[in-house]
Colleague: 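Shown below is the structure under consideration.
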Amino acid sequence: MITEDKKEEKSLNFIEEIINADLQSGKYTQIITRFPPEPNGYLHIGHATSIHLNFGLTKKFPGYTNLRFDDTNPVTEDTEYVENIKNDIRWLGFQWENENYASDYFDTLYGYAIRLINEGLAYVDDSTSEEIATLKGTPTEPGKDSPYRNRSVEENLALFEQMKSGAFPDGSRTLRAKIDMAHINMLMRDPILYRIKHAHHHRTGNKWCIYPMYDFAHGQSDAIETVTHSICTLEFAPHRELYDWLIEKLGIYPSHQYEFARRNLNYTVTSKRKLLQLVQEGHVSGWDDPRMPTISGMRRRGYTAFAIRDFCDRIGVAKRENMVDVGLLEFCVREDLNKIALRRMVVLDPLKVVITNFPEGVTEMCHSENNPEDISTGNREIPFTREIFIEKEDFMEVPSKKYFRLAPGKMVRLKGAYIIQCDDFVKDENGEITEVRCTYIENSKSGQDTTGINVKGTLHWVSAQHALEVEVRLYDRLFSVEDPSSEEGDFKDYLNPDSLHVITGYAEPALLEAQEGEAFQFLRKGYFAKDPDSTVEKLVFNRTSTLRDNWAKAGN
Ligand code: ATP
Ligand code: MG
C-alpha cells in the first residue's frame, strides 16, 4: 500500500510530463512509441535504458510500443542479430505490439521519394561524395548549389528509376532533398535521401540496389506506424528539423521526435562497433561473454532482468549526458540476488580439516536454510563427515587480534553443523599447512543449545568425500579505467588483464541440481550462476558479483 502511494507521488520525468500534457489536452487518446534497433549487433545496457523508457511509457500510459528493426544498411545487418534482439527484449520483461522492419516500407518510401521529386523537392545528384562534401560548406560558411540541382522533374524521375533498376555503380549518384544550401543547420543543406548500394539485404534479398538513408527512413517509418512520441538519443537533436520538414512536405502522419541523453557507464564501452571488435579480435569469448555489457552477457553472468530494470528506474531519464557509475548496476544486482539466491557452500581454495573425534565412514546429515530471506524455499541436506574442506584463508597459525576464524586452540562454528576446536595442524616439507586437526563439540549442532560456548566465527565448509569439483569463473571489470574510449590510444589498451580467473571449487552436493537461470549465493564468496558450458561431468559457475563492492573499498 505504502509503496503504491510512493509510486504515484514519484515525479514524472520530462518525457512523461510531455505525454501527460498531450493526453490531458486531448491531443492523443493513446500514445504509440517504438524501440528501433539496427540489427547489426547485440543489445547492451545502453539499449536496455531505451527499451525500459519506451516500453515503460506505454505501461504507464494508454497505448503500445512497437519493435522496429531499423534495417536500412544491408552490409552490417544479419538475421542472427534480429533473433537475439527479440530474445533479449522478452527476457527483460517487455512485449511489443507489432514487429516491424524499416525494410518492409521500402516500396512506400520509394513512393514518397517520387512524390518529393514530382513536387520539385528532390533531385538526382551525380556528384561524388567528395564533391558533395566540398560544396556543403562549414557551420560558419554557406554551401554551394550542386551543378545538378536544377534538373527537370522528368529528368530526375528517369534517373531515379535508373538508379533503382541498377543502371549505375555504387556511389555514382544520390537522391537529395532540395532544401537550402545556405541553411544554418548543416543537415538541411540538401541532405542525401537515397544512395546506391549493390548489396544483398537480409530480408529483401537482391530486390533493391538503392537504400534510404537514416533520415529518410526513420521519421517516415514512425509516420507509417503513427508513432506519437519518437524518442531517440541527443545526438539526433539536429536531425529533428529535417524529420519535421520531410513529414510536412510529404503530408504524412505528424510523429514527433524527442531526445534524451545517452546512457554511458564507467569501466564499460557501450558502442556496438567497439563491442564487435572485442568479439572479432578474441578479447572475449563472444557477444554473450559474461564480462560483456550486453544483455546476453549480463544474463549469462547471472544478472536478473529485475535488477536491470531497477537500475534503469534509478538512473531515470536525463536531458544531459553524464557517466553513470557501474557500481550502481552492481548494487541493484546484489540487492535482488540477496532476496532470491539459494545459499550454497563452495570452497574455492581448500584446506583439509580432520575431525578426529568423529567416526570414520559415517555420514551425518545436517540441514541449513536455502534462503534465510525467503523461508518458503525450505531447507537442504548437507552431508557432514570426518574429513571436510574449509578455505585456506580461514585458518591462521598465528592469528592476529581480530581474527575470529580457525587457529590453534580456537573454536568456530561450521555453518549448519557443529562447533569445532582446533587442536593441531600438519605442515609439509615446504612449511605449508596441509591439514588441520580438530575435535567437534557434541550437542553443538546448529539449533541446539550452546549457551556458555563463545564462538564468534562461522565458516562455510564441504565434506571432502562428497565435494563436487566444479569450475568457477571469477570475473572482474573488463576495463581498468573509467572511460576507456576517452583515453589516449586504442580503447583496447585499457582492457583489465585480470578480468577472468578460472579455478576449481569444491561444492556441496545440492549444487548438482543447479539449473541455468537460478541464482546462488556461495556463502561468503559471492553470487553465482550456472554457465551453459556446464556438462554432466563438469559444472561451471560464473561469479555474478562479489558480496560487497570491492572497487569502492579500494578507493576506486
Ligand atoms: P551503438 O552506438 O551501440 O551502435 P546505436 O544507437 O547505433 O548504438 P541502435 O541499434 O541504432 O544503436 O539503437 C537503438 C535504440 O537504442 C536507439 O533509439 C538508440 O538511441 C538507443 N540507444 C543506443 N545506445 C544507447 C545508450 N547508450 N543509451 C541510451 N539509449 C541508447
Ligand atoms: Mg544506430
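No hydrogens, no waters, no symmetry mates; every other heavy atom, side chains included, goes into these values. First listed ligand is number 1; within each ligand, the first listed atom is number 1.
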Colleague: Inspect the contact between D88 and R299 and indicate whether a charged nitrogen and a carboxylate oxygen are less than 4.0 angstrom apart.
Modeller: yes

Colleague: Does a side chain donor of either T304 or D336 reach within less than 3.5 Å of an acceptor in the other side chain?
Modeller: yes

Colleague: Quick one: does ligand 1 sit under 4.0 Å from the side chain of F35, the backbone, both or neither, non-hydrogen atoms only?
Modeller: side chain

Colleague: Below 4.0 Å, non-hydrogen atoms only: which portion of H44 touches ligand 1? Side chain, backbone, both or neither.
Modeller: side chain

Colleague: Counting only heavy atoms, which portion of T233 has something under 4.0 Å from ligand 1: side chain, backbone, both, or neither?
Modeller: both

Colleague: What do you reckon, does N264 have a nitrogen or oxygen under 3.5 Å from a nitrogen or oxygen of ligand 1?
Modeller: no

Colleague: Does L234, at its CG atom, have more than 12 non-hydrogen atoms belonging to other residues, nucleotides or ligands within less than 6.0 Å?
Modeller: yes

Colleague: Find all atoms of ligand 1 within a distance of less than 4.0 Å from any non-hydrogen atom belonging to H47, and give their numbers and elements.
Modeller: 8 (O), 9 (P), 10 (O), 12 (O), 13 (O), 14 (C), 16 (O), 22 (N), 23 (C)

Colleague: Cation-pi between K207 and F106: NZ/CZ under 6.0 Å from ring centre and within 45° of the ring axis?
Modeller: no

Colleague: Please identify which atoms of ligand 1 are closer than 4.0 Å to at least one heavy atom of R263.
Modeller: 26 (C), 27 (N), 28 (N), 29 (C)

Colleague: If you measure every N or O of R262 against every N or O of ligand 1, does any of those distances drop under 3.5 Å?
Modeller: yes

Colleague: Does R203 qualify as a cation-pi partner of Y101, given the criterion of NZ or CZ under 6.0 Å from the six-membered ring centre and within 45 degrees of its axis?
Modeller: yes

Colleague: Can you tell which of S50, A48, C312 gets a heavy atom nearest to atom 21 (C) of ligand 1?
Modeller: S50

Colleague: For the 3.5 Å polar cut-off, considering only N or O atoms, please tell me whether K272 and ligand 1 meet it.
Modeller: yes

Colleague: Mark up the atoms of ligand 1 that fall under 4.0 Å of a heavy atom belonging to P36, in ascending order.
Modeller: 14 (C), 18 (O)

Colleague: Would you say Y42 and E80 are linked by a side-chain donor-acceptor pair, where the criterion is simply a distance under 3.5 Å?
Modeller: yes

Colleague: Within the 4.0 Å heavy-atom shell around S271, which atoms of ligand 1 are there?
Modeller: 3 (O)

